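Model, not experiment: these values are computed from the prediction.
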Amino acid sequence: MAVTDGEALAVLHRVFGYETFRGEQESVVEHVIAGGDAVVLMPTGGGKSLCYQIPALVRPGTGVVVSPLIALMQDQVDALRALGVRAGFMNSTQDFDERRTVEAEFLAGELDLLYLAPERLRTESSLDLLSRGKISVFAIDEAHCVSQWGHDFRPDYLSLSLLGERWPEVPRLALTATATDATHREITDRLRMPEARHFVASFDRPNIQYRIVPKADPRKQLLSFLSEEHAGDAGIVYCLSRNSVDKTAEFLSRNGIEAVPYHAGLDAGTRAAHQARFLREEGLVVVATIAFGMGIDKPDVRFVAHLDLPKSVEGYYQETGRAGRDGLPSTAWMAYGLNDVIQQRKLIQSGEGDEAFRRRANQHLDSMLGLCETVRCRRGQLLAYFGQEPAPAGCGNCDTCLVPPETWDGTVAAQKVLSTVVRLQRERGQKFGAVQIVDILLGRRTAKVIQFDHDQLSVFGIGEELSEAEWRGVVRQLLAQGLLAVEGEYGTLVLTEESGAVLRREREVPLRKEPKKPAKTSGGRGGGKAKTAAAELPQELLPAFEALRAWRAEQAREQGVPAYVIFHDATLREIATVWPASVAELGGISGVGEKKLATYGEGVVAVLAALTGPGDAGAGSGPAGGPDAEGPGDWPQEEPEPDGWE
C-alpha cells in the first residue's frame with residue numbers, strides 16, 4: 001500500500017509522544033506498513049509493541065494481536081485508550097453483551113487494535129468474525145510460545161499458521177523477547193513465514209545488573225538484599241514450588257516487606273487480586289512460580305530475584321527481563337547452590353518425556369549452570385548464548401565484572417570427591433548423596449557414617465583442608481562440569497564418562513573459589529521508596545518528582561488504572577528536570593502525546609506551579625527519551641508447575 005513519507009513518524013509523535021524511533025523499530029514499521037511479513041526479536045524493553053501498533057494505526061483496518069496473556073488484556077486496552085487509540089479485546093472474561101459490543105465495533109471499523117487469545121482462533125465463529133471485517137495486520141506476540149522445546153510452550157500457537165493461509169494479503173509479525181537461533185528457526189517454520197524479513201536487535205539490557213550469590217539461607221539473603229538495596233521498590237521473586245512461594249511471601253511480610261504470593265494453586269480470584277495490586281500499587285513484591293509475569297508491562301519493576309535455579313538461560317533471560325523496562329537501573333539477583341543442581345537434574349530424570357526431551361532439557365540446564373559458574377562477564381555469556389558478540393572488556397555492571405571471582409586448581413579436590421564415590425560404589429556397592437560424601441571427606445562420625453562403617457573407608461577424613469561450604473562448592477561445580485551426575489529419586493551421586501580422565505590425572509579441573517561470605521557489589525543504590533527512579537535527579541528536584549508521583553497515584557486511583565498508564569517514572573523524571581511552565585512546553589517532553597497532553601497537561605503544570613521553582617537546576621532539556629519501552633502488557637492465563645515441584 002502507498003503510505004505518505006513520514007506518516008509513521010507523525011503517528012509516533014502524535015500518539016506516543018516520541019520524536020524518533022529506536023534501533024530496528026523504524027525498519028520493522030516501514031516493512032510491515034508496506035505489506036511485508038516480519039519476525040522480530042527484541043529484548044523486553046526494546047519497543048516490540050510499537051512495531052505492530054504503528055502499522056495498525058497507519059494501514060486501513062484493524063490490527064489483530066494474538067497474545068496468550070488473557071488475564072491483563074483489559075489493562076493493555078486501558079493503556080492504549082489513554083493514548084487515544086481505539087482498542088478492544090475479546091476473551092472468556094467478558095459476558096455476552098460485552099463481546100457483542102466489541103464485535104460490532106470491529107465490523108464497523110471502529111477499532112484500531114483488537115486483542116485475541118490464540119485459542120479463540122481455533123473456533124470457527126472467531127475466524128468467521130475476522131473474515132467479515134477489515135484487518136490491517138496480524139501480530140503474534142510472545143511468538144516463542146510456538147516452540148515445543150521452549151520454556152513457555154503453548155499448544156494453541158501451533159495452529160496460527162492458518163492466518164497466512166486464510167489471509168495471505170495481510171502482513172504478519174511474529175514477535176518475541178527471547179529466542180536462540182534454533183527457536184528462531186522453529187518460529188519461522190511452524191508459523192509458515194518463509195518469506196518473512198528477520199529483524200534481530202541487541203539482547204543487551206545494560207541497565208540490569210546481573211548478580212548470582214552462593215546460597216546459604218536464601219530467605220534471609222533475600223531480605224537483606226531487598227532491605228539494603230530495594231526498600232520500597234516493586235519487584236518479583238521467583239521460587240520453584242508453590243510451598244516455597246507461600247512461605248517466602250509470608251516471611252517477607254512478617255519482616256516488613258509487603259509481599260503477596262502468586263501460583264496455580266491459588267483460586268482465580270486471589271490470583272487476579274494479587275495481580276491487580278501489583279499493577280496498581282507501588283512498592284509491592286510478588287513472590288511467584290513461573291506461572292506469573294510473561295508479557296508484564298509494569299515499567300518500574302526494579303528487581304527480579306530467583307531463589308531457585310531456572311531451567312534454562314532463555315527462561316532466566318525472559319524472567320529477569322521483566323525488570324527495568326523503563327531503562328532505569330535494576331537488579332537481577334539469584335541465590336544459587338548445590339541443591340539447585342541436584343534438584344534440577346532429578347526433575348529431568350524423573351519427569352515425563354522421551355530420551356530426546358531429557359537430552360534437550362539437560363543441554364538447557366548445562367547452559368544455565370555455565371552462566372552461574374562462569375568467572376567471565378555474565379552479560380557477555382548471556383549475549384553469546386543468543387549468538388551476539390559481547391564487549392571484549394566486560395560490561396562493568398555484573399558481579400563478575402564488579403568483583404572478579406578467584407579461581408583455583410581444584411584437580412586434587414575433584415579427585416578426592418570422585419574417589420569417595422568410587423570407593424562407596426566398588427567396595428560397598430552403595431550410592432549416596434552430597435551430604436554423606438562431604439561428611440566422609442571431613443572425617444565426621446555422624447550417625448549415618450557410623451551406621452554404614454564409612455569411617456573405615458580409606459578416604460575418610462582426607463578432605464579436612466576445605467570447609468563444608470567449600471566441599472559443597474566443589475561437588476556443585478563437578479556436577480555443573482559434567483564430572484559427576486545425579487541418579488535416582490534420592491539424588492545419589494555417580495561418575496560420568498568424563499570422570500575417569502580426572503582420576504587418571506589426564507584432565508585438570510579449574511574451580512571457582514567459594515567466597516567466605518557472599519560479597520556485596522557496588523549495585524546497592526540506597527534505601528527509600530522510588531529511590532532508583534530518582535537516583536540521578538539533583539536533590540532540589542526530588543520534591544517535584546515526588547509531587548508528580550503523588551498526583552499520578554491520585555489520577556490512577558480515580559480512573560482505576562495502573563499508575564504507569566498515566567505516565568512512566570522516566571517521563572516524570574524528565575518533567576521534573578525540564579520543569580515546563582506551560583502545557584505547550586510539556587508537549588515537548590518525551591512520552592507525552594496529544595491525548596495525554598490534552599488530558600493531563602493542565603494538571604501537571606498545576607502541580608509544578610504549586611512548588612518552589614527549580615532555579616538554574618531546571619534549565620535545559622531532560623534526559624533523552626525514546627519510544628515507550630513496550631506497549632501495554634499483561635500476564636498468562638495460567639502455566640501449571642511441573643509435577644514434582646511441591
_Show me the pairs that pass side chain to side chain donor-acceptor pair (under 3.5 Å) and involve residues 380-392, at least two apart or across chains._
T374-Q381

*Any pair counted as ring-ring contact (aromatic ring centres under 6.0 Å, His included), so long as it reaches residues 320-339, sequence neighbours left out*: F225-W333

*Kindly write out the residues that satisfy side-chain contact (heavy atoms from CB on, under 4.5 Å) with E468, not counting sequence neighbours, or none if the list is empty.*
V438, L442, R444, R472

*Go through the structure and list residues passing side-chain contact (heavy atoms from CB on, under 4.5 Å) with P299, not counting sequence neighbours.*
D326, Y564, H568

According to side chain to side chain donor-acceptor pair (under 3.5 Å), who are the partners of [X], at least two apart in sequence or on a separate chain?
X    : answer
R219 : T248
R205 : none
T176 : H144
T571 : none

Measuring only between side-chain heavy atoms, which start at C-beta, is [X] closer than 4.5 Å to [Y]?
X    : Y    : result
H263 : D246 : yes
I342 : V475 : no
V65  : M73  : no
V561 : Q555 : no

_CG-CG distance between D217 and L222, expressed to the nearest 0.5 angstrom_ = 10.5 Å

_S241 and N243 side chains, donor-acceptor separation under 3.5 Å_ = no

Just by modelled atom types, is the [Y] backbone N or O under 3.5 Å from a matching donor or acceptor in the [X] side chain?
X    : Y    : answer
T400 : R376 : yes
E373 : R512 : no
R379 : D204 : no

Using 4.0 Å as the upper bound for N to carboxylate O, is an ion pair formed by [Y] and [X]?
X    : Y    : result
D340 : R476 : no
D308 : K215 : yes
R154 : E142 : no
R549 : E546 : yes

*Does the pair S330 and R302 meet the rule for a side chain to side chain donor-acceptor pair (under 3.5 Å), with working shown?*
CA-CA 5 Å; S330 305; R302 295 272 67 90; 2.9 Å; yes

_side chain to side chain contact (heavy atoms under 4.5 Å, CB included), paired with V285, selected from D233, I236, I257_ = I257

Suppose we screen for ring pair (Phe, Tyr, Trp, His ring centres under 6.0 Å). Which residues come up paired with [X], at least two apart in sequence or across chains?
X    : value
H184 : H198
Y316 : H306
Y317 : F203, F386

_salt bridge (charged side-chain N to carboxylate O under 4.0 Å, His left out) partner of E282, chosen from R557, R552, R277_ = R552

*Aromatic plane relationship, Y52 with Y115 - under 30° parallel, 30 to 60° tilted, over 60° perpendicular*: perpendicular

Nearest atoms (heavy-atom pairs only) where [X] meets [Y]:
X    : Y    : value
K596 : I566 : NZ-O, 3.0 Å
L175 : A139 : CD1-CB, 4.1 Å
A547 : V607 : CB-CG1, 3.9 Å

*Pair L240-Q344, side-chain contact (heavy atoms from CB on, under 4.5 Å): steps then yes or no*: CA-CA 10 Å; L240 195 60; Q344 288 288 5; 4.2 Å; yes

*Begin from the C-alpha positions of Y262 and V245 and carry the test side-chain contact (heavy atoms from CB on, under 4.5 Å) through to its verdict.*
CA-CA 7 Å; Y262 187 103; V245 164; 5.9 Å; no

_Residues V286, K298; criterion side-chain contact (heavy atoms from CB on, under 4.5 Å); working and verdict_ = CA-CA 12 Å; V286 169; K298 187 176 175 66; over 6 Å; no

*Is there a side-chain contact (heavy atoms from CB on, under 4.5 Å) between V28 and F21 once you walk through the steps?*
CA-CA 10 Å; V28 177; F21 287 103; over 6 Å; no

*Should Q53 and S49 be marked as a side chain to side chain donor-acceptor pair (under 3.5 Å) after you check the CA-CA gap, both sets of side-chain angles, and the distance that decides it?*
CA-CA 6 Å; Q53 290 169 347; S49 299; 4.5 Å; no

*Qualifying salt bridge (charged side-chain N to carboxylate O under 4.0 Å, His left out) pairs, either residue in residues 558-567, two or more places apart*: none

